[in-house]
Structure formats: C-alpha cells, structure tokens
2 protein chains.
Amino acid sequence: MSAVEPTRPPEENSRRMELIRAAASLFRDQGYERTTVRDLGNAVGMQSGSLFYHFRTKEEILVAVMALGIASTTEQLAAALAQAAAPRDKLAALFRVHLNSLLGDNQAALEVMLYEWRSVSAAAKPALVVLRDRYEALWQQVLDDAAAAGMIKQDTRLLRRTLLGSLHWTVQWYRRDGELGVDEMAERMLQLVLFE
Amino acid sequence: MSAVEPTRPPEENSRRMELIRAAASLFRDQGYERTTVRDLGNAVGMQSGSLFYHFRTKEEILVAVMALGIASTTEQLAAALAQAAAPRDKLAALFRVHLNSLLGDNQAALEVMLYEWRSVSAAAKPALVVLRDRYEALWQQVLDDAAAAGMIKQDTRLLRRTLLGSLHWTVQWYRRDGELGVDEMAERMLQLVLFE
DNA sequence: GTCTATATAGTGATAGAC
DNA sequence: GTCTATCACTATATAGAC
C-alpha cells in the first residue's frame, strides 16, 4: 500500500501518527478535557509517561490532531475542485468533501478542530488559523463564481459562514445508521441553497 | 421592575438563580470542564463548599443553566410568534429571537446548552431533550407554513436543521464590536433563505 | 446559609532504569 | 523508545462548627 499515498510525509506511518489518530477519536468521543493521558496511552498500548517522548504536552497532541483535520480536508477539497469543471460541480464538491471529512469513516480530526477550539492556547492558535483561512478561501472562491453565474444569492461572505455553520452542526444530529447517506445529504443541502 | 416579569417563579431573584446566571457566563467563557467550583464560588462571593448547599453536584448547575437557556428562549419565541401575523413576520421572528438569545447582552445560557451537551450525563438528558424538542417544534411549524405559502424550499425538516446549525455557529465568528448588529444580521440571514 | 478544613481521587508531567 | 515510579498539584465533594 506504500505506493498509494506517495506524497505523504514519512511520519504518516510512524508511531506519532498512530497516536494522533487515536487521540482524534478519543477527543471527539469524550472531549479533550475529559480524555486523560492515561486514556491516550491505553489506546495505543503504552504507558502514559511514554507519550511525552513523542509530544511535549497534551496540548501539543490536540494541535497536531487539529492540523491534520483541517489540512487533510483542504487537500481533499483542492483535489476535488481540480477535477470539477462546472460551477455546479464545484459547489457540490464543497458540500461532499466537507461532510465526508466530518461524518465519514475514521474521520474525527476535523470535528476536533471545530469543537475543541477553546482548549487551544493563544500561542498555538495563529498557525491553525492560517490553515483554516486557507480552507475557507477555497470556499469563498467557489461561492463567488457561483454567485457571478447567478446560481446562488449574492451575499457570499455571509453565505459562506452560514453554510459552513450548517455543515459543522451536522455532527450534532446526523446518525450514520439512519436512512440518509452522507453523499445524499450533501446533495440535498446543496439543493437548499441553489436558486433552481 | 417587579411588574415587568409577573409570570416568573419566585426563585428568579434567589441566590440559586444568581448562581445559575454566574455559572452560565463562566461555562460559556471557559467551558464547563475548565470552570472549577472555586471559580463559581468566587463569582458569587462564597466559598466553594457553600455551593453544595444549593446544588448537589456541579453537573446539577450545568443542567440548570441549560434548562434556563432553552426554556427562556422558547418563551420569547412563543411570545414573538403570537404577535406576528404574516408568515414573513413569523419567519423573521425565528431568526431575531434566536440570535438575540445567543448573542445579545447577558445571554450565555443558550450557548452553554448548545456547546456543553457532551458534559451532560445520560440521566439528565431526557428532560433537556423535551425542552429542546418543544423549541424546535415551534420552528418546524413556522417553516411548514412558509413553505406552504411558497416562500421557502419544501424540504423543511432538513431546512430546520441547517438553519439552526447556521444560527448556532454564529457564536464562533460573530463579533459584537463589529459593524453588523444582531437584528440586522438576523434579517440578512433570513434573506439568504427566502425565494425573493 | 455560609464558613473552615479536609477526605478522596485523579491530573499532567518528570526522572532514571532498561 | 518504553517502562516504572512518583512528584506536585488540582479537582469535586463532605463534615461539622457557627
């Protein structure tokens, strides 16, 4: 499988990345504050003290989870947009990529980024904000193009914020065992914003 | 001012309510987990041990904050809907009441209800869910009427969830010191969903 | 109803052996 | 790179005086 993801850095398969992924699930399920370093060690089969060989603090783990969540989502969105030609298809990509990154299998990191923001220290925020702004800039561009094509409302800056809010909040009510699939829901949410 | 709110229970002015309001602010600003009982006592000028005369556990305070947040918002919405006649005015009331309850002065309780849900024990959730469902039922009725009148899209159940998500998320980006007032923003967000 | 004092348990992080 | 052992601290909650 090594040839499948040739562009990823080598740390992808390291112990450190294994820890980040385990932390993402725990932080999502229990919250950052309620997850102890003992929980984290347990999840990867090591003692809590050993974690601090890989990370200096618990917060450093949180930041790594968040950076992974937003960066990998941005990567996926950029790839999807590159493949889509029509404005309608680019719009659809926004919804589809975001919801899959949030609600899909083994996708916990983006949710942590969105919902544990308060636990990030002031020192660590700027770097994450840069990543988030990069993601939202992709959104803004697609929305502006769609508005120019007369497909959606013109108030695109507020529209971007309301749409992202709608999508972010799905984690609070979406049930994976329900009738509605993620891609299907992405399409229906897109329909709500299109003129026709 | 006692005649202004004649229907409120007597506990409104009690020490208990004072504590609930202080807790709402602290939980909103720092999060429930990061707020200690010492913080809470400090905020109302008492020792941490004294809190437990009024509440059995810290979680009981959280639940009281949430119940206040959702119940008082429901009350305000019901009152606003009773005064609005046209479907357009009822729609506007949904946005206006919700945003003011979330972003207005001294309005912390609803935000706590929305963002600290994970810290509520399974035993305490059902009672809060009843209150939340009552609030959302008001929304659903107004949206159904507006859709029947041809003012908004027909997929009103998903629309309710996306709109509430949009509104909930405003706390993450809205700046009270910015240019945009709460009522003005409510109107613009309404515009985004109206056919014309 | 509030205080002081404290029980009980858990937390993040460190030091040094291996 | 991981383990064992533990430090230093903080948390919620309780007991009994006032």
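Listed by chain and residue number, B:Arg188 satisfy the salt bridge (charged side-chain N to carboxylate O under 4.0 Å, His left out) test with A:Asp155 (two or more places apart in sequence, or in another chain). Under the side chain to side chain donor-acceptor pair (under 3.5 Å) criterion, B:Thr73 pairs with B:Ser101, not counting sequence neighbours. For B:Tyr115, the ring pair (Phe, Tyr, Trp, His ring centres under 6.0 Å) partners at least two apart in sequence or on another chain are A:Trp169. Looking at residues two or more places apart in sequence or on another chain, you find no side chain to side chain donor-acceptor pair (under 3.5 Å) involving B:Glu184. Residues satisfying the salt bridge (charged side-chain N to carboxylate O under 4.0 Å, His left out) criterion with B:Arg176, sequence neighbours excluded, are B:Asp105. Take B:Thr36 and apply the side chain to side chain donor-acceptor pair (under 3.5 Å) test, not counting sequence neighbours, and it matches B:Asp39.
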Side-chain donor-acceptor pairs under 3.5 Å in residues 58-65 of chain B, sequence neighbours left out?
| unit_1 | atom_1 | unit_2 | atom_2 | d |
| --- | --- | --- | --- | --- |
| B:Lys58 | NZ | B:Tyr32 | O | 3.0 |
| B:Lys58 | NZ | B:Thr35 | O | 2.8 |
| B:Glu59 | OE1 | B:Ser121 | OG | 3.4 |
| B:Glu59 | OE2 | B:Ser121 | N | 2.7 |
| B:Glu59 | OE2 | B:Ser121 | OG | 2.9 |
| B:Glu60 | OE1 | B:Arg56 | NE | 3.3 |
| B:Glu60 | OE2 | B:Arg56 | N | 3.4 |

Measure all distances between protein nitrogen or oxygen atoms and nitrogen or oxygen atoms of nucleotides 10-14 of chain C, and list the pairs falling under 3.5 Å.
| unit_1 | atom_1 | unit_2 | atom_2 | d |
| --- | --- | --- | --- | --- |
| C:dG12 | OP1 | A:Lys58 | NZ | 2.8 |
| C:dG12 | OP2 | A:Val37 | N | 2.9 |
| C:dG12 | N7 | A:Arg38 | NH1 | 3.4 |
| C:dG12 | O6 | A:Arg38 | NH2 | 3.3 |
| C:dA13 | OP2 | A:Lys58 | N | 2.8 |

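The outermost nucleotides of DNA chain D lying under 4.0 Å from heavy atoms of chain A, listed 5' to 3', are D:dG1 to D:dT4.
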